Amino acid sequence: MILDKLKQRIRRRFYTDLLFVVITTAAVFAWLGNIDMLELIYHYSREYESWELDELVPTGFYLILALCFFSIRRWRDVQTLSRLSEEQSLRHSITRYPNRRALDRLLVSKVRQSDFPLTLLMIDIIGLRQATMNYGLSMGDELLEKVMQQVSERLHSNELLGHWSSEQLMLFAPAINDDRRRELKQAIGNLSISLSPEGPADIHFICVSVVVESRAKLQLGLEQLEDALYLSHARYIREA
């Protein structure tokens, strides 16, 4: 929402500035034509030849070209920085995987009709918050990176993993069959991660999935996915 408002503001400023340039250019042209600027330069250049006033025109022309070259290079720099900033805003600061903003954009505008039926898996990381509270943020970051690595190793090239929240992951798996969906859920659900190779498992996973048949049912599918994760998490707590 904030990004959209900023884009609209920049677009309005662009058209306002463009209109200002056109109007002032027309006004300056009329004013210079009224006082015959070039004729004045020619007259004074003959009268005060030592001042080299006649060189103002070619020098000014060169200055325009130089400023155009400078502006183009700065515009390209701004474009590069803009793309870099946008890329940074779509990645998790620790793991560099797509964040929720990137997943939202993917689901809203990038999903093609050929990607349906679309399988979405939501993964709840059990124990990450407690480990962070017990051992500090650096250990929590290390565990989070290990989690992303472990889950990513079980994915195919057309399956995308990203952060949905601080302790939840979203897996985007377009047009996969039921066997692959069950295989993913089982593989992720069986994962366990320890703080040390010899220690007991500290991190466990709950994985739920939903199959979205069409773009029109995408929002409903996300709601069903979050409800299923909530129920699975509550059942895990009761059984623990």
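Quick caveat: nothing in here was measured; it's all calculated off a predicted structure.
E159 places a side-chain N or O within donor-acceptor distance of the main-chain N or O of H156, the cut-off being under 3.5 Å. A side-chain donor-acceptor contact under 3.5 Å links N99 to the backbone of S89.
Other members of the cluster containing I64 do not exist, because no ILVMFWY side chain is joined to it at under 4.5 Å. The hydrophobic cluster containing Y230 also includes L231, under a criterion of side-chain heavy atoms closer than 4.5 Å among ILVMFWY residues, counted directly or through chains of members. Here V211 is tied to no hydrophobic group at all, with no ILVMFWY side chain closer than 4.5 Å. Residue L19 is found in a hydrophobic cluster whose other members, listed by chain and number, are I23; membership requires side-chain heavy atoms under 4.5 Å apart, directly or through intermediates.
In plain terms, the two heavy atoms of V208 and S232 that are nearest each other are CG1-OG, 3.3 Å. Nearest heavy atoms, T24 versus V21: OG1-O, 3.1 Å. Between S209 and K185, the closest heavy-atom pair is OG-CD, 3.2 Å. Between F172 and L118, the closest heavy-atom pair is CE1-CD1, 3.4 Å.
At a cut-off of 3.5 Å, with distance as the only test, a side-chain donor of R96 or Q88 sits close to an acceptor on the other residue. Counted by atom type alone, R181 and T119 present zero donor-acceptor pairs between their side chains at under 3.5 Å.
Between I176 and L184, the closest side-chain pair of non-hydrogen atoms falls below 4.5 Å. Between I193 and F205 the shortest side-chain heavy-atom distance falls below 4.5 Å. The shortest side-chain heavy-atom distance between I203 and I125 falls under the 4.5 Å cut-off. The shortest distance between side-chain heavy atoms of T132 and R129 does not fall below 4.5 Å. You'll find the side chain of F116 reaches within 4.5 Å of the side chain of R215, heavy atoms only. In this structure, the side chains of I123 and V147 stay at 4.5 Å or more apart for every pair of heavy atoms.
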When the side chains of residues 133-145 are checked against the rest of the protein, which donor-acceptor pairs come out under 3.5 Å, sequence neighbours left out?
| from | atom 1 | to | atom 2 | distance (Å) |
| --- | --- | --- | --- | --- |
| N134 | OD1 | Q130 | NE2 | 3.1 |
| N134 | ND2 | Q130 | O | 3.3 |

Quiz: residues 216-229 side-chain donor-acceptor pairs under 3.5 angstrom, not counting sequence neighbours:
| from | atom 1 | to | atom 2 | distance (Å) |
| --- | --- | --- | --- | --- |
| E226 | OE2 | W164 | NE1 | 3.3 |

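Applying the side-chain hydrogen bond (donor to acceptor under 3.5 Å, both in side chains) test to pairs two or more places apart or on separate chains, none has a residue in residues 9-21. The salt bridge (charged side-chain N to carboxylate O under 4.0 Å, His left out) pairs that include a residue from residues 62-79 are R74-D77, where partners are two or more places apart or lie in different chains. Applying the ring pair (Phe, Tyr, Trp, His ring centres under 6.0 Å) definition to pairs two or more places apart or across chains, none involves residues 62-83.
Rounding to the nearest 0.5 Å gives a distance of 7.0 Å between OG of S165 and CZ of R100. Between R235 atom CZ and I237 atom CD1 the span is 12.0 Å, to the nearest 0.5 Å. The distance from atom CE of M170 to atom CG of L120, rounded to the nearest 0.5 Å, is 5.5 Å.
A side chain to side chain contact (heavy atoms under 4.5 Å, CB included) with L161 holds for exactly one of L103, I188, L169; it is L169.
With sequence neighbours left out, the ring pair (Phe, Tyr, Trp, His ring centres under 6.0 Å) criterion links H233 to no other residue. The salt bridge (charged side-chain N to carboxylate O under 4.0 Å, His left out) check on R154 picks up nothing, with sequence neighbours excluded. Under the salt bridge (charged side-chain N to carboxylate O under 4.0 Å, His left out) criterion, E87 pairs with R91, not counting sequence neighbours.
Using bins of under 30°, 30° to 60° and over 60° for the plane-to-plane angle, the ring pair Y97/H163 lands in the perpendicular bin.
M148 and I94 end up in different hydrophobic clusters when Ile, Leu, Val, Met, Phe, Trp and Tyr side chains are linked at under 4.5 Å. Linking Ile, Leu, Val, Met, Phe, Trp and Tyr residues whenever their side-chain heavy atoms come within less than 4.5 Å places L191 and L128 in a single cluster.
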* To do: With side chain to side chain contact (heavy atoms under 4.5 Å, CB included) as the test, would you mind laying out the steps for I126 and Y236 before giving the verdict?
  => CA-CA 9 Å; I126 306 295; Y236 177 89; 3.5 Å; yes
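R180 and E183 are joined by a salt bridge, as a carboxylate oxygen and a charged side-chain nitrogen come within less than 4.0 angstrom of each other.
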